[in-house]
Number of protein chains: 2
Amino acid sequence: MTKDFRHVTEIDRLLHEPSRLVIVTILYTVESADFLFLQRETGLTKGNLSTHLAKLEAAGYVDIEKTFRGKVPLTICLLTEVGREAFKVYRNHLKRVVDSMPE
Amino acid sequence: MTKDFRHVTEIDRLLHEPSRLVIVTILYTVESADFLFLQRETGLTKGNLSTHLAKLEAAGYVDIEKTFRGKVPLTICLLTEVGREAFKVYRNHLKRVVDSMPE
DNA sequence: ATAAACTTGTTTGTAATGCAGACTAGTTTA
DNA sequence: TAAACTAGTCTGCATTACAAACAAGTTTAT
């Protein structure tokens, strides 16, 4: 048996998707962001961003608040405590993965 | 504009898939392995392993040599030079990702 | 007035992906 | 000669990622 690298497969798939990781990383640093801000920062299309946010919301990682800026609809996104914890866990897991990789 | 985390999205998707990363990591350390050895080490089902290997072969990351051990068919897998390089690039990319993640 | 363009997203359609069970083909053992 | 084993591939299904099309209203230009 070689060294066991299978721990990699236990990583949080929701955050392992690069698009979602970028979204969550941004939310981790800013605490609150609207839809178009996220779109600009991530470079994602609206449809794609919308889907990823819905998935993160379904997992309880982000809260999505529908509101208005004047008369214009506005979607505010923020990380939940669950999401913050999940990010930290993922980050640490990824660190271990990197450290376990052979030279 | 917040810090730019979009470099994450440029990561090698082929290696970003955990199952394939485990396969390639093993091949990186052993230089040569047969199908059943890989199956035991990775914990993947045959079908899944077969598909992932085919994908890695199509990308030129692994060579697959069909041979026989006595009268029994045997599939030998090994990383190509391209695959070794791709692994190193991915590993370094992942290091940068981890280092760029906020506390 | 009303048409054009913009804001802010959601829904839909499509192609790719991951996964495991069914299947193939041959070999060895009972 | 039937059962069980070895070594994989093929098939089908559920999930995913992605972007284009659509929706619903607002602001600007003519």
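Throughout, protein chains are lettered first and strands after them, A, B, ... in sequence-line order, and every chain is numbered starting at 1.
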How do B/Pro73 and A/Pro73 order along DNA chain D: which one's closest nucleotide is nearer the 5' end?
B/Pro73
What is the distance from [atom1] of [X] to [atom2] of [N], rounded to the nearest Å?
X       : N      : atom1 : atom2 : result
A/Phe68 : D/dG25 : CZ    : P     : 9 Å
A/Leu74 : C/dT8  : CG    : P     : 7 Å
B/Gln39 : C/dG21 : CD    : C1'   : 13 Å
B/Ile76 : D/dT6  : CD1   : C1'   : 14 Å
B/Leu14 : C/dA16 : CG    : P     : 15 Å
A/Phe37 : C/dT8  : CZ    : C1'   : 16 Å
A/Arg40 : C/dC6  : CZ    : C1'   : 14 Å

If only side-chain N and O atoms of B/Thr75 are considered, is one of them under 4.0 Å from the OP1 or OP2 phosphate oxygen of D/dA7?
no
Establish, with yes or no, whether the OP1 or OP2 oxygen of C/dT10 is under 4.0 angstrom from a side-chain nitrogen or oxygen of A/Lys66.
yes
State whether the side chain of B/Ser50 and the backbone N or O of B/Lys46 hold a donor-acceptor pair below 3.5 Å, judged by distance alone.
no
Using modelled atom types only, decide if a donor and an acceptor are shared between the side chain of B/Thr80 and the backbone of B/Gly60 within a distance under 3.5 Å.
yes
Do B/Val22 and B/Leu44 make a side-chain contact, defined as non-hydrogen atoms from C-beta onward lying under 4.5 Å apart?
no
By the 4.0 Å heavy-atom rule, please label A/Leu49 as base, sugar-phosphate, or nothing.
nothing
Donor on one side chain, acceptor on other, A/Ser19 and A/Glu17, under 3.5 Å
yes
Scan the side chains in residues 94-103 of chain B for donor-acceptor partners under 3.5 Å anywhere in the protein, sequence neighbours excluded, and list what turns up.
from: B/Ser100; atom 1: OG; to: B/His7; atom 2: NE2; distance (Å): 3.3
from: B/Ser100; atom 1: OG; to: B/Arg96; atom 2: O; distance (Å): 3.4
from: B/Ser100; atom 1: OG; to: B/Val97; atom 2: O; distance (Å): 2.9

Smallest separation among heavy atoms of B/Ala33 and B/Leu27, with atom names:
CB-CD2, 3.9 Å
Atom pairs under 3.5 Å: protein N/O with N/O of nucleotides 15-22 of chain D:
from: D/dA17; atom 1: OP1; to: A/Glu17; atom 2: OE1; distance (Å): 3.3
from: D/dA17; atom 1: OP1; to: A/Arg20; atom 2: NH1; distance (Å): 3.2
from: D/dA17; atom 1: OP1; to: A/Arg20; atom 2: NH2; distance (Å): 2.8
from: D/dA17; atom 1: OP2; to: A/Arg20; atom 2: NH1; distance (Å): 2.6
from: D/dA17; atom 1: OP2; to: A/Lys55; atom 2: NZ; distance (Å): 3.2
from: D/dC18; atom 1: OP1; to: B/Arg13; atom 2: NH2; distance (Å): 3.4
from: D/dC18; atom 1: OP2; to: A/Ser19; atom 2: OG; distance (Å): 3.3
from: D/dC18; atom 1: OP2; to: A/Asn48; atom 2: ND2; distance (Å): 3.3
from: D/dC18; atom 1: OP2; to: A/His52; atom 2: NE2; distance (Å): 3.3
from: D/dC18; atom 1: O5'; to: A/Asn48; atom 2: ND2; distance (Å): 3.2

Side chain of [X] only, heavy atoms from C-beta on: which candidate in [options] is closest?
X       : options               : result
B/Phe35 : D/dT26, D/dT6, D/dG8  : D/dG8
A/Lys71 : C/dT27, D/dT26, C/dT8 : D/dT26
A/Arg69 : D/dT9, D/dT26, C/dT8  : C/dT8

Residue pairs involving residues 46-89 of chain A (criterion ring-ring contact (aromatic ring centres under 6.0 Å, His included); sequence neighbours excluded):
A/Tyr28-A/Phe87
